[in-house]
Structures are given as C-alpha cells and as structure tokens.
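Have a look at the structure below before the remarks.
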Amino acid sequence: MKELQVALNNDRSYPIYIGAGLLTQAELLTKHIRSKQILIVTNETIAPLYLAKLQTALGGDYQVETVILPDGEQYKTLEYLEKIFDQLLAKKFSRNATLIALGGGVIGDMGGFAAACYQRGIAFIQIPTTLLAQVDSSVGGKTGVNHPLGKNMIGAFYQPQCVIADADVLDTLDDRQLSAGLAEVIKYGLIRDPAFLEWLETNMPKLLARDKDALACAIERSCINKAEVVGEDEFESGVRATLNLGHTFGHAIETGSGYGHYLHGEAVAIGTCFAADLSRRLGWLNDADVNRIIAVFKAANLPATPPKEMTTEQYVDLMAVDKKNVDGKIRVILLEAVGKASLPVNVDLAQLQATLNGYAG
Ligand code: NAD
Ligand code: GLY
C-alpha cells in the first residue's frame with residue numbers, strides 16, 4: 001500500500017491510501033471514524049458489488065445505515081441530495097457521525113456536500129470506485145451538485161478525513177469508464193507534468209489492458225500531482241484553477257447535451273482539445289503540439305470532436321455560467337506549452353467563436 005498526504009493548514013491534512021484489497025482493511029477506516037454512527041452513501045450499481053464487503057469490514061460495533069441512490073449524473077441534484085439528509089435525520093444521526101461515500105465522482109461529490117451541510121459539517125471518508133474518482137474527484141474537497149443551468153454550481157469546499165483508493169474495485173469498471181478516468185490522468189501531464197505525459201503516451205496500451213502496475217503508477221502519480229496543487233491552493237485562488245483545463249468547454253458539453261449523455265471524462269477530453277486549439281490561436285502551441293494532444297486522447301479511446309448538435313451560441317451561453325468567470329466574463333485555462341497550463345485567461349469572444357466554429361479534431 002502507498003500512503004500519500006494532502007498537506008493542508010490547521011490540522012486538516014489527510015492521507016490517501018492507494019493499493020489492492022484496501023476495502024477489507026478495516027483499520028484504515030476505523031482509525032478515521034469518530035463515533036458509532038456511520039452512513040454509507042452509494043448507488044444502485046455499486047451497492048451489489050461492494051456494499052456488503054464494506055459493511056463486513058466495519059464489523060458489528062457500529063450503527064451502519066445506508067442510502068442507495070439511483071445511478072447517474074442526472075441524479076446529482078438537490079432533489080437527490082435530500083435523500084441523504086432524510087436518512088441522516090430519520091436515523092437521528094449526531095454531529096459526530098461519519099458519512100462514507102462509496103462510489104464514483106457523482107457519489108463522492110454528493111456525499112461530501114451532504115457531509116458539509118448536515119448539522120453544518122460531519123466527518124466523511126471517500127472510497128472512490130472509478131478511476132476518475134481515484135485520480136481526481138475524491139482528492140481535494142470539492143463537493144456539490146449540478147443545476148439544470150450549470151454543472152457543479154452548488155457546492156462547498158469540504159475535505160474528507162481520508163481517501164481509500166482500492167485498485168481492485170476497478171476490475172468491475174467498464175472500458176468506457178476507464179477511458180473517462182484517463183482523461184483526468186492525461187490532464188496532469190498536460191498542465192504540469194510533461195514527463196508523466198511522455199510516460200502515458202508510452203504506456204497507454206498497458207493502461208487500457210488494465211495492467212495492474214501501470215494503473216497503480218498512474219493513480220499514484222495523479223494523486224501526487226493533485227495533492228501538490230491542492231496543498232498549494234486549497235480554495236482555488238490561483239493555481240488550483242489549472243486543474244480545470246478543458247472543463248469550461250467540457251461542462252458546457254455536459255450541460256448542453258443533457259447530463260449523463262457524455263461522461264465527464266469524455267467531455268473534458270473534447271474540452272481540452274478545444275483549449276489546445278484556442279491556445280494555438282494565441283500562438284502558445286503549434287500544430288504539432290495540438291496534434292499530439294488530440295493523439296493522446298484518441299489513444300485512450302476518448303473523443304476529441306464536439307457534439308454536432310450544439311451551436312456556438314449555446315456554448316457561449318453555457319460557458320458564461322462557470323465558477324472561474326469574473327464580472328460575467330468568460331475565463332478558461334489554456335496551455336502556454338505542452339506540460340504548462342496558464343492561469344485563467346479572459347477569452348476574446350471572436351477567438352473563442354473561431355475555435356468553436358473551426359475546430360475539427
Ligand atoms: P460516476 O460517479 O457516474 O461513475 C461512473 C459509472 O461507473 C457509474 O455508472 C457508476 O455507478 C459506475 N461505477 C462506479 N464504480 C464502479 C465499479 N467499481 N465497478 C463498476 N461500476 C462502477 O462518474 P465518475 O466518472 O466517477 O465521476 C464523474 C463526476 O465527478 C462528475 O459529476 C464530475 O463533475 C465529478 N468530478 C468532481 C471532481 C472534484 O474535484 N470533486 C473532479 C472531477 C470530476
Ligand atoms: N477537479 C478540479 C479540482 O479539484 O480543483
């Protein structure tokens with residue numbers, strides 16, 4: 001097992017445990033649990049696979065309750081968040097209770113937000129079960145839900161007590177979801193770790209074949225990158241925004257095409273290709289750089305071209321609802337070079353429209 005640290009101020013630092021078979025290692029969990037009351041939040045797909053295993057690991061010493069949500073990005077809403085509060089209240093959970101989020105990014109974001117809000121904050125533990133959640137969403141404390149008008153627009157920064165990333169659970173993840181997770185892995189290479197990008201370009205066939213060593217290496221290196229960025233800028237006043245490369249475009253695609261149609265990682269892959277094209281228009285990247293970026297996403301079996309049915313006006317309208325925007329102006333993360341992200345850049349509307357009109361991955 002590898003243990004990394006997310007180093008934060010005021011004793012809020014926490015470990016990320018990465019390894020095989022961690023779901024059944026009870027002591028990893030129990031040392032972070034403060035009381036007898038535990039709520040496990042998961043979904044209808046993950047529950048039959050892993051809920052009993054987790055319950056067995058916890059043993060009989062706790063009052064363990066569960067909330068099993070429907071599966072899908074379209075349920076990452078205030079309405080379904082209430083189901084978690086309903087259960088916490090119905091079972092009379094106190095402020096020293098612990099919420100365990102067992103699932104992908106949707107469950108992690110919702111569980112974390114519920115923990116942030118219930119009685120103004122209870123402890124929570126992330127057990128990410130998708131590659132995307134293990135390399136990105138479970139680390140760093142961004143929690144929240146979607147709104148019909150904008151993705152992740154309602155939420156809180158709220159850090160977990162620990163993250164337990166059990167590599168074995170990825171065995172049941174389908175290939176499309178594995179590729180979606182690779183989009184966020186590639187992101188770290190593009191924004192700040194060019195040597196990792198080269199490693200990914202070489203090792204992509206192994207990752208797609210689920211080679212255990214290659215996956216373990218990609219998860220660890222991604223978490224090191226994420227922990228460093230979050231440790232430097234927990235509340236996104238600066239460098240943390242670079243983790244949003246491709247996300248402004250990507251969130252517009254997710255919202256515009258209907259939550260759940262494109263997977264988050266797929267939308268981010270397309271969005272990053274847009275960002276690369278816009279970076280080229282600013283003279284920061286050349287054709288070879290852009291082609292290299294498109295190639296690495298394609299090698300991961302990810303899409304690089306946008307949905308045909310979305311119009312430029314729709315993108316601009318949706319991108320105007322983004323957390324990086326200031327005074328209503330659209331701002332995006334671009335690439336100054338392959339391996340070096342910019343801070344948020346005010347977008348020139350004409351150039352943005354040129355990218356949206358002219359992009360052909
Ligand atoms: P997801 O949570 O929808 O999970 C993807 C699918 O895989 C679901 O159908 C799920 O039931 C299934 N699944 C999960 N684990 C499985 C397993 N081990 N075996 C079989 N099936 C399994 O999607 P995701 O890609 O994990 O997360 C995307 C979400 O994460 C988005 O809502 C996105 O906004 C959010 N996100 C948040 C952050 C953050 O910093 N908080 C970062 C990136 C993404
Ligand atoms: N996924 C972006 C962030 O955590 O900041």
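All values derive from a computational prediction rather than experimental measurement. Atoms within a ligand are numbered from 1 in the order they appear, just like the ligands themselves. For this chain, numbers begin at 1 and follow the sequence in order.
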- Item | Under 4.0 Å from ligand 2, counting heavy atoms only: the protein residues, by chain and number |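 Those residues closer than 4.0 Å to ligand 2 by some heavy atom are D136, K142, K226, E236, R240, L243.
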
- Residue that, paired with E234, satisfies salt bridge (charged side-chain N to carboxylate O under 4.0 Å, His left out) out of K226, R240, R12, K142: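 When K226, R240, R12, K142 are each tested with E234, the salt bridge (charged side-chain N to carboxylate O under 4.0 Å, His left out) holds only for R12.
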
Return the closest protein heavy atom for [atom] as residue, atom name and distance.
{"atom": "atom 35 (C) of ligand 1", "answer": "D109 OD2, 3.4 Å"}
{"atom": "atom 38 (C) of ligand 1", "answer": "S137 CB, 3.2 Å"}
{"atom": "atom 4 (O) of ligand 1", "answer": "T130 CG2, 3.6 Å"}
{"atom": "atom 34 (O) of ligand 1", "answer": "K151 NZ, 2.7 Å"}
{"atom": "atom 17 (C) of ligand 1", "answer": "T172 OG1, 3.5 Å"}
{"atom": "atom 5 (C) of ligand 1", "answer": "Q177 OE1, 3.2 Å"}
{"atom": "atom 22 (C) of ligand 1", "answer": "L173 CD1, 3.7 Å"}

Taking only heavy atoms of [X], which atoms of ligand 1 are found under 4.0 Å from at least one of them?
{"X": "V169", "value": "17 (C), 18 (N)"}
{"X": "E73", "value": "29 (C), 31 (C), 32 (O)"}
{"X": "E184", "value": "43 (C)"}
{"X": "N152", "value": "34 (O)"}
{"X": "K226", "value": "40 (O)"}
{"X": "T45", "value": "11 (O)"}
{"X": "D136", "value": "42 (C), 43 (C)"}
{"X": "V106", "value": "1 (P), 2 (O), 3 (O), 27 (O), 29 (C), 32 (O)"}

Beyond-backbone contact of [X] with [Y], side-chain heavy atoms, under 4.5 angstrom:
{"X": "T66", "Y": "L39", "result": "no"}
{"X": "D175", "Y": "R210", "result": "yes"}
{"X": "F124", "Y": "T98", "result": "no"}
{"X": "L208", "Y": "S179", "result": "yes"}
{"X": "I293", "Y": "L335", "result": "yes"}
{"X": "I164", "Y": "Q126", "result": "no"}

- Item | Over 12 non-hydrogen atoms of neighbours within 6.0 angstrom of NZ in K323 |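 Check passes, neighbour count above 12.
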
- Around K212, counting heavy atoms of other residues, nucleotides and ligands shown, do more than 12 lie under 6.0 Å from its NZ?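 Count over threshold, so yes.
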
Would you kindly specify which portion of [X] sits under 4.0 Å from ligand 1, judged on non-hydrogen atoms: side chain, backbone, both or neither?
{"X": "K142", "value": "both"}
{"X": "V139", "value": "neither"}
{"X": "D71", "value": "side chain"}
{"X": "T143", "value": "neither"}
{"X": "N43", "value": "side chain"}

- Query: Given H264 and E73, is the side chain to side chain donor-acceptor pair (under 3.5 Å) satisfied, shown in steps?
  - Reply: CA-CA 9 Å; H264 176 73; E73 184 75 37; 5.9 Å; no

Return yes when [X] approaches ligand 1 closer than 4.0 angstrom through a heavy atom, no otherwise.
{"X": "Q74", "result": "no"}
{"X": "L49", "result": "yes"}
{"X": "E44", "result": "no"}

Just by modelled atom types, is the [Y] backbone N or O under 3.5 Å from a matching donor or acceptor in the [X] side chain?
{"X": "D168", "Y": "A20", "answer": "no"}
{"X": "N203", "Y": "K206", "answer": "no"}
{"X": "S35", "Y": "Q37", "answer": "yes"}
{"X": "Y158", "Y": "I122", "answer": "yes"}

- K83 and D86: salt bridge (Lys or Arg N to Asp or Glu O under 4.0 Å), yes or no, with the steps? CA-CA 5 Å; K83 310 267 176 227; D86 291 347; 5.2 Å; no

- Query: Relative to atom 15 (N) of ligand 1, which among T129, L102, N244 owns the nearest non-hydrogen atom?
  - Reply: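 Looking at heavy atoms only, T129 sits closest to atom 15 (N) of ligand 1.
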
- Name the option, out of A101, P48, G105, G104, that contains the heavy atom nearest to atom 30 (O) of ligand 1.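 Minimum heavy-atom distance to atom 30 (O) of ligand 1 goes to G105.
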
- From atom 12 (C) of ligand 1, is the closest protein heavy-atom distance below 4.0 Å?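 No, there is none.
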
- Does the pair E27/K31 count as a salt bridge with the N-to-O cut at 4.0 Å?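 The answer is no: the pair does not qualify as a salt bridge.
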
- Query: Can D61 and K36 be counted as an ion pair, charged N to O under 4.0 angstrom?
  - Reply: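 Judged by the 4.0 Å cut-off on N to carboxylate O distance, D61 and K36 do not form a salt bridge.
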
- Could you name each residue pair satisfying ring pair (Phe, Tyr, Trp, His ring centres under 6.0 Å) that touches residues 85-117, not counting sequence neighbours?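 Sorted pair list comes back empty.
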
- Check: Y315 ring centroid to F274 ring centroid under 6.0 Å: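 Ring centroids of Y315 and F274 are less than 6.0 Å from each other.
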
